[in-house]
There are 2 protein chains.
Amino acid sequence: MTDNIIQDVLAKALVLCNPTAAEEKKITAVAEEAKKLVEQQSRTTPEVRGVIFGGSFAKGTWLRGDADIDIFVKIDPSASEDKFEKLGIEIGKTALKKYRPRLRYSDHPYVEATVRGTRINIVPCYDVQKGQWKSAADRSPFHTQYITETLDAAGKEQVRLLKKFLKSTGIYGAEISTGGFSGYVSEVLIAKYGSLEGALAAAAEFKQGQVVSVGDYDSDVAKGFSSPLVIIDPVDPRRNLGTAISPESAGRLALAARAFLRNPSARFFARQKPDINKRLYRNVLVVEFSHRERSPDTIWGQLKRSANSLAKQLELAGFTVFRTTCNTDEKKSGAFAFLLESLVLPEYMMRRGPEIARAKDTESFVKAARPLAMWADREMRVSTIVERKAVDARQLVKTLLGRPEANGIARDMITGRVKIYSGSGRRRLSGMAKEAVDELVSTESLIFR
Amino acid sequence: MTDNIIQDVLAKALVLCNPTAAEEKKITAVAEEAKKLVEQQSRTTPEVRGVIFGGSFAKGTWLRGDADIDIFVKIDPSASEDKFEKLGIEIGKTALKKYRPRLRYSDHPYVEATVRGTRINIVPCYDVQKGQWKSAADRSPFHTQYITETLDAAGKEQVRLLKKFLKSTGIYGAEISTGGFSGYVSEVLIAKYGSLEGALAAAAEFKQGQVVSVGDYDSDVAKGFSSPLVIIDPVDPRRNLGTAISPESAGRLALAARAFLRNPSARFFARQKPDINKRLYRNVLVVEFSHRERSPDTIWGQLKRSANSLAKQLELAGFTVFRTTCNTDEKKSGAFAFLLESLVLPEYMMRRGPEIARAKDTESFVKAARPLAMWADREMRVSTIVERKAVDARQLVKTLLGRPEANGIARDMITGRVKIYSGSGRRRLSGMAKEAVDELVSTESLIFR
């Protein structure tokens with residue numbers, strides 16, 4: 001019965017996942033054209049050992065309406081790092097000249113262009129033997145090879161279902177902003193568990209520190225990893241693909257998997273609107289600002305660390321921070337948002353001195369105190385009631401941002417004026433700040449129904 | 001220099017402590033008269049083995065303007081407990097008939113009367129060998145004997161100074177209401193340290209669990225005591241006179257002793273007005289009620305335990321209780337008072353579920369929750385924001401008092417209507433409630449200047 005329901009649901013979901021024939025034809029044409037251009041450009045460059053497709057296009061696991069084409073330019077491993085980077089940029093830029101190529105950075109620079117609506121990435125890698133990695137991209141051709149050898153057409157459909165499921169759950173993508181599951185991780189999970197259902201059944205049972213490995217693995221190596229999920233790269237068993245996965249994402253996967261298996265529905269393959277609770281707006285503190293342009297992973301990393309530092313300072317000052325987030329348009333506008341128990345704290349607080357038996361310490365404490373009341377308490381300490389320095393979270397954050405570096409805010413990141421306000425104010429939230437605020441006060445209806 | 005100052009101060013203080021010749025003459029006359037009446041009454045009672053003075057009058061350590069006369073009626077140890085109590089009451093009541101004697105209870109019943117302004121206590125005790133205690137009063141004649149043998153006239157003056165010092169500090173008296181130092185403890189401290197100055201110098205250095213003993217003591221026995229100060233009774237080394245001393249009183253003594261030794265002043269021998277901070281009134285929650293008449297120690301014990309139970313419930317509900325007190329006129333009016341960080345709490349609170357990996361527990365938690373928001377958090381638990389049940393301390397205490405016994409309020413103690421209000425209200429505080437409130441918001445200027 002449930003099996004039939006699941007099969008029905010998956011059949012419907014597959015329609016959303018599999019590219020149409022027309023789309024496939026168009027993408028393939030674009031890909032072939034781009035590859036030819038890169039090959040032509042490489043012909044005169046002796047360091048280039050080959051030009052190949054990579055990523056989901058090469059593996060046939062890309063999602064309908066969501067194809068990127070990765071073209072890897074394999075460089076002779078004897079080339080210096082400088083030469084390697086220079087060649088990658090030159091070949092990409094020249095080959096796709098007429099498509100207005102842009103320079104991008106991941107672990108090293110690469111070239112991106114949009115050809116008839118489809119994004120093309122030209123990425124250099126060293127033409128190495130397996131395991132002899134020189135650059136971060138060198139594993140990619142081996143990933144492509146591994147997946148194409150391991151998964152048949154049915155397996156690839158299961159990958160597409162899993163990717164779609166992860167997208168709907170908001171945990172698809174290894175970027176720092178998402179902290180979720182990459183395309184390759186999705187493929188490895190299907191290689192391991194055989195199907196979407198198998199992968200979800202496993203995920204429903206994942207324990208913290210769970211090790212997922214297609215083949216045997218060295219448990220000593222695995223013990224060295226500290227991510228909530230450890231996913232061994234079948235192409236490089238010393239590498240943990242789970243590093244990028246946040247505990248929130250790991251937890252969400254387990255919850256979503258259980259929700260789906262309990263009550264399979266096509267809704268799990270389309271992004272649902274979260275259930276936003278506007279009553280909580282007044283408990284949200286928003287910080288809006290402009291920031292320098294940096295690569296997305298860099299700025300997201302800086303924003304996350306900065307938001308967490310502010311949250312910690314708020315806690316130290318006595319505020320209860322329920323939830324913290326940040327957002328950016330990845331160009332220049334950024335926001336922090338904090339869901340607080342209260343934006344204001346009581347006027348007075350208690351401060352306890354040392355044990356009275358520690359005479360000198362007690363004397364210093366009493367001398368330094370300017371209390372509203374002071375007494376010997378039942379723990380044989382001096383207790384005092386003092387005025388709280390920071391009673392308003394807005395004011396405190398303003399003060400903290402006045403000395404960004406001392407308070408764990410990334411150096412030089414924030415430029416220009418900062419706006420600090422509560423979510424309940426009449427101020428019109430920018431789309432980006434509103435996204436952050438809504439994230440804090442929402443419940444994923446898909447997971448928690 | 002300091003020595004001279006101290007001697008000057010003590011000379012002045014002694015005037016406040018030593019009874020005047022006229023007072024002494026009058027008290028002695030009253031005492032002799034009362035004793036004669038008791039002796040006459042006892043003459044026909046074969047169980048009575050003698051009538052003797054006890055307490056501070058017998059020891060010559062009573063404070064000017066503050067004399068009680070204790071008369072002990074020594075009963076044959078073969079008398080049953082019933083007989084013992086009956087005889088004590090009968091003799092006392094009949095002997096002092098014309099002075100309208102009242103029945104009182106300590107560990108056993110005794111008779112009290114006021115003769116020309118002086119209180120007389122007629123207390124039965126068994127005429128036992130030292131150590132063969134049958135009733136709680138049996139040690140008293142031995143205490144009297146020990147102190148009169150140990151202290152000379154100068155020593156007795158030092159006791160008076162110490163008593164006066166303890167009174168000014170608000171820690172004189174072993175009753176539960178005070179939790180302080182009894183007259184006998186004062187005498188033992190002078191027997192041990194020789195003088196007020198010696199006793200204060202020692203008190204300034206007291207550690208928690210400090211053992212004070214005039215003679216040798218059994219350290220195994222001392223280890224069994226858990227009071228902040230352990231004071232071995234010289235008449236019964238298995239008895240800890242420190243049991244009644246609260247940690248607050250012990251702490252206050254150390255602080256007051258240090259303050260005096262640093263800056264000796266006659267102010268330490270006259271009760272100072274504490275420094276009341278009316279700004280804190282609005283942080284005080286007052287509960288006024290009428291209670292059944294019970295012996296002072298009984299009602300104080302019940303009030304203190306009840307106030308502490310309420311404070312604990314307030315804490316469990318999320319309130320921060322800085323300080324708790326209670327008060328009673330020892331007849332029928334009682335009050336609790338709590339100094340709170342805030343009388344209201346934020347509307348929402350966070351509730352965390354179990355680890356997500358514990359699937360069943362997580363499912364139950366999610367099902368039971370009626371949250372405003374819910375999400376998978378970075379500790380891989382489900383976090384929820386829920387409405388707080390009790391946001392107003394007044395309302396909560398009202399609810400708690402509706403089921404007194406379930407909430408640690410002494411059974412049947414509270415009678416009639418209960419008034420619950422904040423210290424900042426316009427309500428006129430009864431003298432007794434005001435005392436309680438003022439105690440919470442005050443600083444002892446004598447100790448903390």
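Every chain is numbered from 1 and lettered A, B, ... according to where its sequence line falls, protein lines coming before strand lines. In this text, all values refer to a predicted model and were calculated from it rather than measured experimentally.
The choice from B:Val441, B:Asp377, B:Asp275, B:Ile276 that makes the most heavy-atom pairs within less than 4.5 Å of chain A is B:Asp377. The residue among B:Ile356, B:Leu255, B:Leu340 with the most heavy atom pairs within less than 4.5 Å of chain A is B:Ile356. Ranked by non-hydrogen atom pairs under 4.5 Å with chain A, the options B:Ser383, B:Ala359, B:Ala204, B:Pro371 are led by B:Ala359. In terms of heavy-atom pairs under 4.5 angstrom with chain A, the leader among B:Lys367, B:Glu341, B:Lys207 is B:Glu341. Between chain A and the options B:Ala369, B:Pro274, B:Gly251, heavy-atom pairs under 4.5 Å are most frequent for B:Gly251. Ranked by heavy-atom pairs under 4.5 Å with chain A, the list B:Arg279, B:Glu363, B:Glu379, B:Glu355 is led by B:Arg279. The choice from A:Thr384, A:Val366, A:Leu345, A:Leu372 that makes the most heavy-atom pairs within less than 4.5 Å of chain B is A:Leu372. The candidate with the highest count of non-hydrogen atom pairs below 4.5 Å against chain B, out of A:Arg388, A:Met380, A:Gln210, is A:Met380. Highest contact tally toward chain B, considering only A:Ile447, A:Leu280, A:Asn283, is held by A:Leu280 [criterion: heavy-atom pairs under 4.5 Å].
Looking at B:Phe206, the atoms closer than 4.5 Å to chain A (heavy atoms on both sides) all sit in the backbone: N, CA, C or O. Contact annotation for B:Arg381: neither backbone nor side-chain heavy atoms come within less than 4.5 Å of a heavy atom of chain A. Proximity to chain A is limited to the side chain of B:Ile385, based on heavy atoms less than 4.5 angstrom apart. Contacts between B:Leu339 and chain A at a heavy-atom distance below 4.5 Å involve the side chain alone, from C-beta outward. If you measure heavy-atom distances from B:Arg258 to chain A, the contacts under 4.5 Å come from the side chain alone. Neither the backbone nor the side chain of B:Arg352 comes within contact range of chain A, judged by heavy atoms closer than 4.5 Å. Proximity to chain B (any heavy atom under 4.5 Å) is shown, for A:Arg351, by neither the backbone nor the side chain. Residue contact with chain A, scored on non-hydrogen atoms closer than 4.5 Å, involves the side chain of B:Glu347 exclusively. Heavy atoms of B:Ser442 lying under 4.5 Å from chain A belong exclusively to its backbone. Proximity to chain A (any heavy atom under 4.5 Å) is shown, for B:Glu205, by neither the backbone nor the side chain. Residue B:Val344 does not touch chain A at all, counting heavy-atom pairs closer than 4.5 Å. In this structure, chain A has a heavy atom under 4.5 Å from the side chain of B:Thr362, while its backbone stays farther away. When heavy atoms are compared at a cutoff of 4.5 Å, B:Glu387 approaches chain A solely by way of its side chain, counted from C-beta outward.
Expressed to the nearest 0.5 Å, how far CE of A:Met349 lies from CZ of B:Phe322 amounts to 8.0 Å. Atom OG of B:Ser364 sits about 10.0 Å away from atom CZ of B:Arg358, to the nearest 0.5 Å. Interatomic distance, CZ of B:Phe336 versus CG of B:Asn327, reported as 11.0 Å (0.5 Å rounding). From B:Cys326, atom SG reaches atom CD of B:Glu435 across 11.5 Å, with rounding to the nearest 0.5 Å. Atom NZ of B:Lys273 sits about 15.0 Å away from atom CG of B:Leu446, to the nearest 0.5 Å. From A:Thr324, atom OG1 reaches atom CG of A:Leu440 across 7.5 Å, with rounding to the nearest 0.5 Å.
Between B:Phe181 and B:Tyr172, the ring center distance fails the sub-6.0 Å criterion.
Each of A:Ile245, A:Val212, A:Thr243, A:Val211 was checked for a side-chain contact (heavy atoms from CB on, under 4.5 Å) with A:Val230, and the lone residue meeting it is A:Val211.
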